Each structure stands twice: as structure tokens, then as C-alpha cells.
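The shown structure was predicted, so the numbers you read here are calculated from the model rather than taken from an experiment.
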Amino acid sequence: MLLTPLIEKKRDGGRLTPDELETLLRSYMEGTLADYQMSAFLMAAFIRGLDPGELSVLTRAIIESGTRLDFTDEGPPHVDKHSTGGVGDKVSLVLAPLLAEAGLRVPMMSGRGLGHTGGTLDKLEAIPGFQVSIELDRFRTILDEVGCAMIGQTKEIAPLDGRLYALRDVTGTVPSPTLIAASIVSKKVAEGIGALVLDVKCGRGAFMTDERRARGLARTMVDLAATEGVRATALLTAMDAPLGYTIGNALEVAEAIETLRGGGPADLREVTLALGAELLVSAGRAADVEAAAAGLATILEGGAALGRFARLIEAQGGDPRVADDPGRLPSAPVRVPFRSPAPGWLDIDARRVGFASVELGAGRRRVADRVDPTVGFELRRVAGDHVSEGEILVTIHAADASSAATAEQRLIEAIELSEEPLPPRKLILDRVAEDGRADG
């Protein structure tokens, strides 16, 4: 079968038959379709979209490109969470050990940063020695011994998605609802979990900037997971401003540790507990989300989940001492305060701050870029605060004075000061469940 006409067919708004799409994807995995040709197809799919049949074929092809794990006969319920990508989103670092401490098993497969958003794997690799690439047998052992394991895509699990993921990051095709849905759901199904909660970010710092599109993406993923036998719910969460006080890999690990210790930012705690509560209910370990959230909050405040995180770090080759002493994390050589140019009510554009952190080196502009784990932003004040002229709003963590100066300019563009207070910030915007309900 000629492959270029299939790309042209999708480019022109046509629908690929299951055989055509399977052939295209198989050819890419076998090397007869080049990266630049697949990039063209991804752009066509981004512009034209995929219908439910194409989406199902793509998802199943990704799953079947590797191994599908099966934990159905192995003790406690196996669950996972996935975020569509945000700025300052370190929820997974807190949630995985928290759920493990609550008696669930969390075989978490995560990704790297995409576009202006951060990635869990990049954050984990900021921990000295932490290995996100481990053999599946070792993955299973850690899961049994610790209750959670956090890895990247392996050559065994969803390898097709790993290749597509890298292309999307550098070809402007990240914010596609259907490509996002296929990528996320395929990996989670391949993990062998029974329940899934989806954190669908919504706002100017998310790939889905408006609630209607975010809700549509949530519905697509929940329904797609159901067709593969995974119980799923989705929460729409706000991403107009960064989550928490830090943006940047080592900085975010330190903030996650503080949260596991029982402290941390209120917004990070709220989102983490809401997502965790959904999974406890789906797994049959709580009667309702209110009771589930209260139980998780008690665990978090007691600090036991931090010990679980230290065990995870050690099991995956990292230095567990960072759990007690985050000062052991790598740090940037240059720190520059950014001061408020005027008094007023503070607003922070998450998208602009995200791109500024990428420019500092905390993310990638090209597939081969090296991520600097030390750089980023430490917010001293957050959106909604009233600030004074000259007050320190952000500490810039940079590799050198030049990049710090550039970051200052980007912060000027990202920060707004108004004479009137901002509307109250609502974090949980909606809930989409498998039964078709959107709770609002």
C-alpha cells in the first residue's frame, strides 16, 4: 500500500479505514515511514481530527505495539492518575506515595515535559541517581515492595506512543484532543490498572484553554478507557496560574517533599486530595469522595507518605536522603530576585511562565535538548495576592546571569497588576464520570 496518499487523505479531511491506519502505524514502527512523514500525518490529524473509529484504532495500535501488564490476580487494586499537562504540576510526586500508603498499588508510567508544561520524569530525574528506565521485572518488584513505582515508557510498553510523543513535542501538534486521548489512555491501559483518574487541565496555561474543549477531552478519554475495561473519572482543574509556588524540576521535587511532610501549598494539596479521593472510591476503598479525601488528608498530615516516597527513591536508584534533606537536590548557581514594578493585585500567566522556564532550560525546545534540573522559578507571591512596589515576587534560579536577565524580561510579560482584586480562584471546575454525568 502506498503511504503518502494516506497522509494526503487525512490532510484533505478524509477518514482512514482501520486497515489504512493500521498499515500507516505499522510502517512507522517498522521504519518504512520516516519521522518527517509521520510528522506530516500528525499535523493532518491535529487539523482534521480523528473520528471515534480512527481514535480506537490508534489507541489499540499503541497498546498492541508492546506488552500489556495484568495485575488482576495480584492483591490490592491497581490504579493510576494522569494529567494533561500544566505548569508547576507536581501532583504525581505526592499522589503516588500517598495512595500507596492508603493501601492501593500505583504502577505509574509518566512522560516528559511537552511544550510549555513540565513532565514527571524530568522532575524525578532531578533526584540524584533516580532511574526512570528500569526493566519490567524490577518494576513489578518495586510495585510489590513499595506500593508504587514511577517509570517512563519502556521499549516493552506502548513504544509507538513514545515515538509519537517525541514528534508531537517539537511539531506543534501537542494540543490535539484526539492525539492526547490516544496517548494517555493507551499507556494507562497497558499498565494493567483497573481504575484511572484524569486531571484535565483547563485555562491559559493548559493545552485545553476553555472549559468546553477540556470537558470534551475528558469525555473522550473516560469513554475510551471504558471501552478498554478501565474505570475512569476525570476532573477539570484550573490552570490559569501555576500550581503551587515552584516551576522547575528540582524546585518542584522539593515542594512535593514539603507537601508529603504535611505542609505545602494549599492549591497543590486540594488538587491532590480530590484526585486521590476519586481513585479510592473507584477502587472500592471508600464510600464517597468526601470520606476518601478526609482519610488521605490525615495520612498526608501524619507524614507517613514521605517515608513511602523515600523508599521509592531508594528502590529506583536515587538518594533517599533528599526526603529528609531537600538541600541535597541540585541547585542553580545564580539566583536573582524579581521585584514588583508597582503595587496592585497580582495575576500570573501560567503559559508565559511555562515558556519562560523552558527558555531557562527546565524544558525542551527540541527532542535532543538537555534539561537542566536546577533552573526555574520560585514564586514568593501567587495570583490573587496584593503586592507592594519593590516587593520580591519571584526568585529566578538560573544557570548564568544572561539567562536570568532574559527570564526577568519574560516575567515582565507574564505578570499583571490590577487595581481591583481578582475573582476567587476555583480549582476544581467539573467532574466527568463513566456514566455520562458532568457534575459541574
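For Glu191 and Lys188, the salt-bridge test passes: some basic side-chain N is under 4.0 Å from an acidic carboxylate O. Taking 4.0 Å as the cut-off between side-chain N and carboxylate O, Asp80 and Lys187 do not count as a salt-bridged pair. Under 4.0 Å is where a charged nitrogen must lie from a carboxylate oxygen, and between Glu301 and Arg269 at least one such pair does. With salt bridges taken as basic N to acidic carboxylate O contacts below 4.0 Å, one links Glu278 and Arg431. Salt bridge annotation for Glu270-Arg425: absent, with no cationic side-chain nitrogen under 4.0 angstrom from a carboxylate oxygen. The existence of a salt bridge linking Glu125 and Arg112 is confirmed by a sub-4.0 Å separation between a basic side-chain nitrogen and an acidic carboxylate oxygen.
Ile62 has its side chain out of reach of Leu25: every pair of non-hydrogen atoms, C-beta onward, lies at least 4.5 Å apart. Annotation: side chain of Val322 is not in contact with side chain of Phe130 (no heavy-atom distance under 4.5 Å). With a 4.5 Å cut-off on side-chain heavy atoms, Ile63 and Ser186 count as touching. Two residues are said to be in side-chain contact when any heavy atoms from C-beta on lie closer than 4.5 Å; Ile396 and Phe377 meet this criterion. Contact annotation: the side chain of Val185 never approaches that of Thr227 to less than 4.5 Å [non-hydrogen atoms, C-beta and beyond]. By the 4.5 Å heavy-atom criterion applied to side chains, Leu196 and Val189 are not counted as neighbours.
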Requested in this report: Please assess Arg364 against Val170 for the test side-chain contact (heavy atoms from CB on, under 4.5 Å), listing each intermediate value before the final yes or no.
Outcome: CA-CA 9 Å; Arg364 299 172 184 80; Val170 294; over 6 Å; no
* **Audit row: Glu258, Arg261, salt bridge (charged side-chain N to carboxylate O under 4.0 Å, His left out) steps and yes/no** => CA-CA 5 Å; Glu258 177 60 26; Arg261 189 173 282 125; 3.4 Å; yes
Q | Thr209 and Met239: CA distance, side-chain angles, deciding distance, side-chain contact (heavy atoms from CB on, under 4.5 Å) verdict | A | CA-CA 9 Å; Thr209 56; Met239 186 41 66; over 6 Å; no
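Across every non-hydrogen atom of Val87 and Gly205, the tightest pair is CG2-O, 4.1 Å. The two residues Gly111 and Tyr165 have their closest heavy-atom pair at CA-OH, 3.7 Å. The two residues Ile257 and Ala323 come nearest to each other via the heavy atoms CG2-O, 3.4 Å. Taking all atoms of both residues into account, the shortest heavy-atom contact from Leu217 to Val200 is CD2-CG1, 4.2 Å. Considering every non-hydrogen atom in both Glu252 and Leu93, the closest pair reads O-CD1, 4.4 Å. Between Ala100 and Val146, the shortest heavy-atom contact is CB-O, 4.0 Å.
Atom CD1 of residue Ile392 and atom CG of residue Leu379 lie 13.0 Å apart, to the nearest 0.5 angstrom. Taking CE of Met150 as the start and CZ of Phe139 as the end, the distance is 10.5 Å to the nearest 0.5 Å. His397 NE2 to Glu378 CD: the interatomic distance, rounded to the nearest 0.5 Å, is 4.0 Å. How far CG of Leu236 is from CG of Leu198: 10.5 Å, rounded to the nearest 0.5 Å. Here Ile180 contributes atom CD1 and His82 contributes atom NE2; the two are 9.0 Å apart, rounded to the nearest 0.5 Å. The structure places CG of Asp267 at 7.0 Å from OH of Tyr245, a figure rounded to the nearest 0.5 Å.
Side-chain contact of Ser83 with Asp89: a donor-acceptor pair under 3.5 Å is present, judged by distance alone.
A side chain to side chain contact (heavy atoms under 4.5 Å, CB included) with Leu99 holds for exactly one of Leu275, Val197, Leu279; it is Leu279. The side chain to side chain donor-acceptor pair (under 3.5 Å) test with Lys201 is passed by exactly one of Asp240, Thr237, Thr117: Thr237.
The aromatic rings of His78 and Phe71 lie parallel to each other, their planes meeting at an angle below 30°, with 60° marking the opposite boundary.
A cation-pi arrangement, defined by a distance under 6.0 Å to the six-membered ring centre and an angle within 45 degrees of its axis, is present between Arg163 and Tyr28.
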